[in-house]
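In what follows, residues are counted from 1 in the order of the sequence shown. Just the heavy atoms: all of them, side chains too, but no hydrogens, waters or symmetry mates, feed the values below.
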Amino acid sequence: MKKVAFYTLGCKLNFSETSTIARGFEEKGYAKVPFSDTPDIFIINTCSVTENADKKCKKIVKEAQKINPDGYVAIIGCYAQLKPKEISEIKGVDAVLGAAEKFRLLELLDGFVKTPEAKVLASEVKEAKAFNNAYSINDRTRTFLKVQDGCNYHCAFCTIPLARGKSRSDTIDNIIQSAKEIANTDVKEVVLTGVNIGDFGIVDGKREERFVDLVKSIDQVEGIDRIRISSIEPNLLTNEIIDYTSHSNRFVPHFHIPLQSGSNKVLRVMRRRYLRELYEDRVNKIKQLMPDCCIGVDVIVGFPGESHDDFLETYNFLNELPISYLHVFSYSERANTTAAEMGDVVPLKERQERSKMLRILSEKKRRQFYESQLGTTRTVLFENDIEDDMMHGFTENYVRVSAKYDPLLINELKEVTLRSINENGTVDVQEPEMVLETH
């Protein structure tokens with residue numbers, strides 16, 4: 001029995017796909033093992049959102065070689081689609097598979113026999129037309145369920161349409177079937193994921209269904225306690241979606257909404273499909289209906305042409321908004337994007353300074369949000385995340401909590417009272433009763 005190990009870089013979508021590919025290996029009689037367990041085959045699922053992700057891929061290949069110099073190394077994922085030839089020249093790489101090929105890995109690399117030259121199996125991204133169903137299971141406390149892939153937006157900074165192809169989706173019926181399979185396991189929380197999840201519903205190039213209808217349908221699936229939406233564009237987060245999730249059975253009060261810039265000038269150059277006024281309206285609508293909702297924000301600093309005043313406009317806009325945390329990205333040039341051809345480049349040091357300012361703001365916002373939740377009773381999903389005899393988990397509205405380790409609480413939903421913020425920035429809770437009252 002050959003041993004296979006997987007390593008995933010990047011987003012929740014990649015985790016869902018790796019998990020599904022791994023199950024295919026197990027069904028064929030391979031033994032899935034940890035990366036350090038001298039596997040015969042290494043599968044590395046890559047990301048290419050930032051330059052750093054590319055460097056990480058090279059580092060993991062090097063580690064795989066140290067663990068088993070004779071191991072077969074196959075690279076899949078976004079970086080593999082964008083730069084297949086470059087990856088094939090990395091010492092130790094045996095195969096590179098693109099977006100249209102990665103789910104056929106077992107068929108295309110039958111036997112995983114090393115050859116003198118690395119195999120490059122990466123067709124043009126326009127060939128990535130099929131939607132491949134995927135969800136993660138047994139890897140984490142929560143499951144990532146893929147509902148959409150690809151993107152028809154062409155933001156000036158982004159390589160994702162080049163790496164994953166056009167927007168396409170599963171059908172609601174298929175997704176409900178997957179959700180029911182997940183409900184039959186011990187999973188308590190499902191995260192709906194995709195590249196541009198709000199654009200859900202395009203099948204064979206035509207819009208057949210809507211994301212809000214998927215939300216309403218999956219909310220009825222028995223056996224799933226909590227459902228989270230991974231990330232949704234502000235122009236696609238409609239009032240109908242906000243209204244429905246505010247009183248739904250299973251959707252939690254937590255949204256992650258990319259902003260990228262608080263300057264309308266910069267948003268236009270980025271080719272985003274909204275202005276700051278719409279973003280502010282979405283946030284205020286959520287807070288009006290769900291005052292305790294957690295709202296996360298993606299921001300890019302140092303985009304070409306972003307002046308100091310533009311950045312301050314973003315900073316002040318975010319400072320005034322009732323948001324809960326930020327994911328801050330320093331702009332990095334990506335080949336074959338329009339932004340990479342623009343002049344007026346922001347110096348690297350300036351990008352780093354702006355990034356630092358927003359990260360400090362993020363900590364302030366998170367602390368404010370956590371403080372607003374102290375004294376309330378919430379439901380925590382405890383994870384197998386143990387540190388210094390303390391276990392951790394998240395409330396429905398994404399407050400990270402700490403409690404004294406109790407193995408009986410892992411992967412259990414437990415009502416607790418949020419007590420105080422500790423020195424690590426997580427929230428201590430009144431110790432849960434040892435008699436479980438799961439929900």
Side-chain angles (χ1 to χ4, degrees), residues 11 49-50 153 155-158 196-198 228-237 239 241-242 253-332 339 346-373 394 397-400 421 425:
C11 62
V49 171
T50 66
Y153 291 7
C155 299
F157 52 82
C158 187
N196 187 359
I197 199 170
R228 224 175 270 280
I229 297 169
S230 61
S231 178
I232 184 166
E233 293 284 302
N235 53 303
L236 297 173
L237 179 55
N239 283 338
I241 293 168
I242 297 168
H254 174 211
F255 288 96
H256 192 91
I257 316 167
L259 170 67
Q260 310 309 10
S261 176
S263 158
N264 282 342
K265 181 195 101 177
V266 176
L267 286 171
R268 287 188 180 102
V269 179
M270 285 179 165
R271 299 212 297 246
R272 301 293 286 165
R273 298 194 178 199
Y274 55 87
L275 297 176
R276 55 183 269 161
E277 289 78 13
L278 180 135
Y279 195 94
E280 185 175 17
D281 181 69
R282 300 295 86 176
V283 170
N284 289 335
K285 172 76 172 174
I286 291 166
K287 283 294 188 177
Q288 176 195 341
L289 294 178
M290 296 171 266
D292 294 319
C293 185
C294 179
I295 300 175
V297 184
D298 286 342
V299 200
I300 296 171
V301 298
F303 186 80
E306 181 190 62
S307 68
H308 186 65
D309 286 346
D310 295 332
F311 169 71
L312 288 181
E313 199 178 348
T314 295
Y315 184 95
N316 292 329
F317 180 64
L318 289 166
N319 193 31
E320 295 298 319
L321 275 182
I323 56 166
S324 314
Y325 64 90
L326 305 172
H327 284 170
V328 184
F329 301 89
S330 287
Y331 170 75
S332 68
V346 178
L348 193 58
K349 189 175 180 187
E350 186 63 33
R351 296 182 214 181
Q352 291 167 345
E353 284 297 317
R354 293 175 189 181
S355 181
K356 184 179 176 183
M357 283 178 68
L358 282 184
R359 288 199 168 94
I360 292 168
L361 178 62
S362 180
E363 286 308 306
K364 175 184 144 189
K365 285 288 186 181
R366 192 188 302 273
R367 190 169 186 94
Q368 283 176 346
F369 178 63
Y370 282 11
E371 284 173 350
S372 75
Q373 299 303 299
F394 285 94
N397 62 341
Y398 215 58
V399 174
R400 189 165 185 255
I421 302 173

Are the side chain of Asn397 and the backbone N or O of His254 linked by a donor-acceptor pair below 3.5 Å?
no
Note to self: Any heavy-atom pair between the side chains of Leu318 and Leu361 that's under 4.5 Å?
What the structure shows: yes
Determine whether Met290 and Ile242 satisfy the following criterion, side-chain contact (heavy atoms from CB on, under 4.5 Å), listing intermediate values before the conclusion. CA-CA 9 Å; Met290 296 171 266; Ile242 297 168; 4.0 Å; yes
Look at the side chain of Arg359 and the backbone N and O of Val328, then say whether any donor-acceptor pair between them is shorter than 3.5 Å.
-> yes
| query | Are the side chains of Leu289 and Lys285 in touch, meaning some heavy atoms are under 4.5 Å apart? | reply | yes
Next on the checklist: Taking the cut-offs as 6.0 angstrom to the six-membered ring centre and 45 degrees off its axis, would you call Arg273 and Tyr153 a cation-pi pair?
Outcome noted: yes
Taken to the nearest 0.5 Å, the spacing of Ile232 CD1 from Arg282 CZ works out to 10.0 Å
Separation between NE2 (His327) and CD1 (Ile300), nearest 0.5 Å, reads 13.5 Å
query: Is the shortest heavy-atom distance from the side chain of Met357 to the side chain of Phe311 under 4.5 Å?
result: yes
Checking Ser372 side chain against Phe369 main chain: does a donor-acceptor pair fall under 3.5 Å? yes
Closest heavy-atom pair, Ser332 versus Arg351, reported as atoms and distance to 0.1 Å, is CA-NH1, 4.2 Å
Taken to the nearest 0.5 Å, the spacing of Asn316 CG from Ser263 OG works out to 12.0 Å
Under 6.0 Å between the ring centres of His256 and Tyr398?
no
Across all chains, not counting sequence neighbours, the side chain to side chain contact (heavy atoms under 4.5 Å, CB included) partners of Gln368 are Lys364, Lys365
Checking Glu277 against Asn264 for the side-chain hydrogen bond (donor to acceptor under 3.5 Å, both in side chains) test, could you report, in this order, the C-alpha distance in whole Å, the side-chain angles of both residues, the deciding distance, and whether it holds?
CA-CA 9 Å; Glu277 289 78 13; Asn264 282 342; 3.1 Å; yes
Q. Do Gln260 and Asp298 pass the side-chain hydrogen bond (donor to acceptor under 3.5 Å, both in side chains) test, and can you show the C-alpha distance, the side-chain angles, and the key distance before you say yes or no?
A. CA-CA 6 Å; Gln260 310 309 10; Asp298 286 342; 4.7 Å; no
| Counting N and O atoms only, with roles assigned by atom type, does the side chain of Asp310 sit under 3.5 Å from a partner on the main chain of Ser307, one being a donor and the other an acceptor? | yes
Problem - side-chain hydrogen bond (donor to acceptor under 3.5 Å, both in side chains) evaluation trace for Asn196 with Glu233 - result: CA-CA 7 Å; Asn196 187 359; Glu233 293 284 302; 5.8 Å; no
Distance col, row Asp281:CG vs Asn239:CG, nearest 0.5 angstrom, shows 6.5 Å
dist Ser330:OG -> Leu348:CG (nearest 0.5 Å) comes out at 7.5 Å
Is there a side-chain contact (heavy atoms from CB on, under 4.5 Å) between Phe255 and Cys294? Walk through the geometry before answering. CA-CA 6 Å; Phe255 288 96; Cys294 179; over 6 Å; no
>> Looking at Glu363 and Arg367, is there a salt bridge between them, counting it only when a charged N and a carboxylate O are closer than 4.0 Å?
In response: no
ring-ring contact (aromatic ring centres under 6.0 Å, His included) pairs touching residues 268-309, sequence neighbours excluded, are Phe303-Tyr331
Q. Is there side-chain contact between Ser230 and Ile197, with at least one heavy-atom pair below 4.5 Å?
A. yes
- prompt: Do Thr314 side-chain atoms and Gly262 backbone N/O form a donor-acceptor pair below 3.5 Å?
  reply: yes
Taken to the nearest 0.5 Å, the spacing of Ile241 CD1 from Ile286 CD1 works out to 10.0 Å
Practice problem: Salt-bridge test for Lys265 and Glu306: reply yes if a basic N is under 4.0 Å from a carboxylate O, no otherwise. | Solution: no
Query - Ion pair check, Glu280 and Arg276, cut-off under 4.0 Å - result: no
